[in-house]
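Down below is the structure, laid out as structure tokens.
By convention in this document, chain letters (A, B, ...) are assigned in the order of the sequence lines, proteins followed by strands, and residues within each chain are numbered from 1.
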Number of protein chains: 2
Amino acid sequence: MNQEKEDILQYGQGTFHPGFSVDCVIFGFHANQLRVLLLKVKGDDLWALPGGFVFKDEDVEEAAIRVLKSRTGLDNIFLRQFHLFGKPDRSKTSFNAKLLKQRQIPYDENHWFLQRFITLGFYALVDYSSVTPRPDSNSEACEWWDLQQIPALMQDHSQILEKALEALRLQLAYQPIGYNLLAEKFTMPELQKLYETILGKQLDRRNFQRKILAYDILERLDERRSGVAHKAPYLYRFNLEKYQQALEQGLEGGW
Amino acid sequence: MNQEKEDILQYGQGTFHPGFSVDCVIFGFHANQLRVLLLKVKGDDLWALPGGFVFKDEDVEEAAIRVLKSRTGLDNIFLRQFHLFGKPDRSKTSFNAKLLKQRQIPYDENHWFLQRFITLGFYALVDYSSVTPRPDSNSEACEWWDLQQIPALMQDHSQILEKALEALRLQLAYQPIGYNLLAEKFTMPELQKLYETILGKQLDRRNFQRKILAYDILERLDERRSGVAHKAPYLYRFNLEKYQQALEQGLEGGW
DNA sequence: CTACTTTGTGTCTTGGTTACGCAATGGGGC
DNA sequence: GCCCCATTGCGTAACCAAGACACAAAGTAG
């Protein structure tokens, strides 16, 4: 598999669906901060979203799942496409040409990697603590970055990230969020901090609890989180059945 | 232009972005019914969504606008991408091969038109009365179809249509709808019927009025619709500035 | 001119949201 | 070891939006 990846640039032609890629915005939650998994581009100061190409006979969704698995080691992740980025100048060929040169691949303007690429953006929600970040063959590093201090990104990846966050906020309005982002057991303040971080604003503690409990997707356990300072809060977990149901039906219609 | 279109199948290679298309679900509103513009496929009983390909150096969004303009004659249409359909078997090559044969183009398994296509779905909202449906070179007819009696569609176009409707309903929940679908001046019952049709359910006349007025995007005129039976209803129009603002900010947060 | 449909406006009730108050808890400061 | 205090759990009053429904005014059909 690694061997295969090393050779992507050389043998991509004929292997992948032409002129098309997927890019994933992988959200995690740690230390009360929303974070994003980024790759450090080899031989450049820029960072990039984890992405990849779609095999000729592969479902586009499957390709995104494959990318996610190879960067995080995780399977069975919450994943959703949110936007296709199709401006003709979004993938500057100069950058890709440089990459080819680095690999000492002879220059050919018809090389598949030098064509225009359109990319489908996905966002994913993962449990930060169970991820083992793994760089791919074009990167030197794979690290979590705080949303507040994202480094310079290659191409239009900043816009993709921005749009992903927008889509995530929108989802919050009509679907539950939290499973996949939190550990199995969590406290109410933890869940609240997650919501506050995504929304970028503070919420009233007591009203938050009432509203989220009214969704009827949580189960309070008989345990409390011990060891921490102050009063020990109850632990909760999602009722997966009801959570799934809420995902499908939506939380509030509006009409 | 027509000449160009006639030759698409022959000279598409090198002209279009490979393996990629756009399909548009064009919604109109007439006689209290939501309708969709469909094309009758030449030499087949199936119908299809208006679609097209993306020029090598064209913005994907622009391509959709171009398709819309050439089918409806309209410019400046509300248009939004909603989903990418990327299953590997979604475009059956047998159908496309048949098309090529009809055009007496020699069979070549590497022909661009016989490759796998992934397609980006757009939905558009248009003023029914100002549309002049025009078939393209692959179709015998271009007609409005009532949502309740859609004919058999080619490939996965039924799913695309279904998903478009879903996206439209979702938009209704957090953004205003009506401009683009109604004439400039309209009555409250007309707007209500539009909402009812999209949602597929009846709404209370008085509560609807209160809610929609609370959005503060409508202006009541001093005119009434005369000539119709019964009490003459007031005419309204959208306050474009506030309408636009509501589109961007959303109507109700949820949080 | 009368009957009937449709529109314009208002009210009552209900349920959810917002803005707080207060007691219980449990670790840290002293 | 004891008190302080931030944090948690639970509760309440004011407020607003939504649903259900009543009634008068307008305008056409017969």
Expressed as a whole number of angstroms, how long is the span from Glu223(B):CD to dA26(D):P? 19 Å
Assign each of Ala214(B) and Asp204(B) to its nearest nucleotide of DNA chain D by heavy atoms, then name whichever residue's nucleotide is nearer the 5' end. Ala214(B)
How close or far is atom P of dT8(D) from atom NZ of Lys193(A), stated in whole angstroms? 8 Å
Could you pull out all donor-acceptor pairs under 3.5 Å where a side-chain atom in residues 183-194 of chain A meets a protein atom, sequence neighbours excluded?
unit_1: Lys185(A); atom_1: NZ; unit_2: Glu223(A); atom_2: OE2; d: 2.8
unit_1: Thr187(A); atom_1: OG1; unit_2: Glu190(A); atom_2: N; d: 3.3
unit_1: Glu190(A); atom_1: OE1; unit_2: Thr187(A); atom_2: N; d: 3.0
unit_1: Glu190(A); atom_1: OE1; unit_2: Arg225(A); atom_2: NH1; d: 3.4
unit_1: Glu190(A); atom_1: OE2; unit_2: Arg225(A); atom_2: NH1; d: 2.4
unit_1: Gln192(A); atom_1: NE2; unit_2: Glu196(A); atom_2: OE2; d: 3.1
unit_1: Gln192(A); atom_1: NE2; unit_2: Leu203(A); atom_2: O; d: 2.9

Can you tell me the distance, in whole Å, between the CG atom of Leu213(A) and the C1' atom of dT17(C)? 15 Å
Between Asp222(A) (CG) and dG9(D) (P), how many Å, whole number? 13 Å
Contact summary for Cys24(A) and Ala64(A), nearest pair of heavy atoms: SG-O, 4.1 Å
In whole angstroms, the gap separating C1' of dT28(D) from CZ of Arg225(B) amounts to 17 Å
Give a yes or no answer on whether the side chain of Asn207(B) reaches the backbone of Arg210(B) with a donor-acceptor pair at less than 3.5 Å. no
Show every donor-acceptor pair shorter than 3.5 Å between a side-chain atom in residues 73-80 of chain A and any protein atom, with sequence neighbours excluded, or say none if there are none.
unit_1: Asp75(A); atom_1: OD2; unit_2: Lys69(A); atom_2: NZ; d: 3.0
unit_1: Arg80(A); atom_1: NH1; unit_2: Gln175(A); atom_2: OE1; d: 2.7

Using whole Å, what does the distance between atom C1' of nucleotide dC21(D) and atom CD of Gln209(B) come to? 16 Å
Would you mind reading off the distance between Asn207(B) atom CG and dT14(C) atom P, rounded to a whole angstrom? 16 Å
Touch class at under 4.0 angstrom, heavy-atom based, for Arg220(B) against every strand present: sugar-phosphate
Atom pairs and distances, donor-acceptor, side-chain atoms in residues 28-39 of chain A, under 3.5 Å, two or more places apart:
unit_1: Arg35(A); atom_1: NH1; unit_2: Tyr128(A); atom_2: OH; d: 3.2

Atom OH of Tyr234(A) and atom C1' of dC10(D) are separated, to the nearest Å, by 11 Å
Going by the rule side chain to side chain contact (heavy atoms under 4.5 Å, CB included), which residues pair with Glu219(B) if we only count those two or more places apart in sequence or in a different chain? Arg237(B), Asn239(B)
Applying side chain to side chain contact (heavy atoms under 4.5 Å, CB included), can you list everything that pairs with Asp156(B), at least two apart in sequence or on another chain? Phe85(B), Arg90(B), Gln159(B), Ile160(B)
Give the B/S/- string for nucleotides 21-30 of chain C, one per nucleotide from 5' to 3', where a protein heavy atom under 4.0 Å of the base yields B, of only the sugar-phosphate yields S, and otherwise -. B--BBBS---
Looking at Arg210(A) and dT18(C), is any side-chain donor or acceptor paired with a base atom of the opposite kind under 3.5 Å? yes
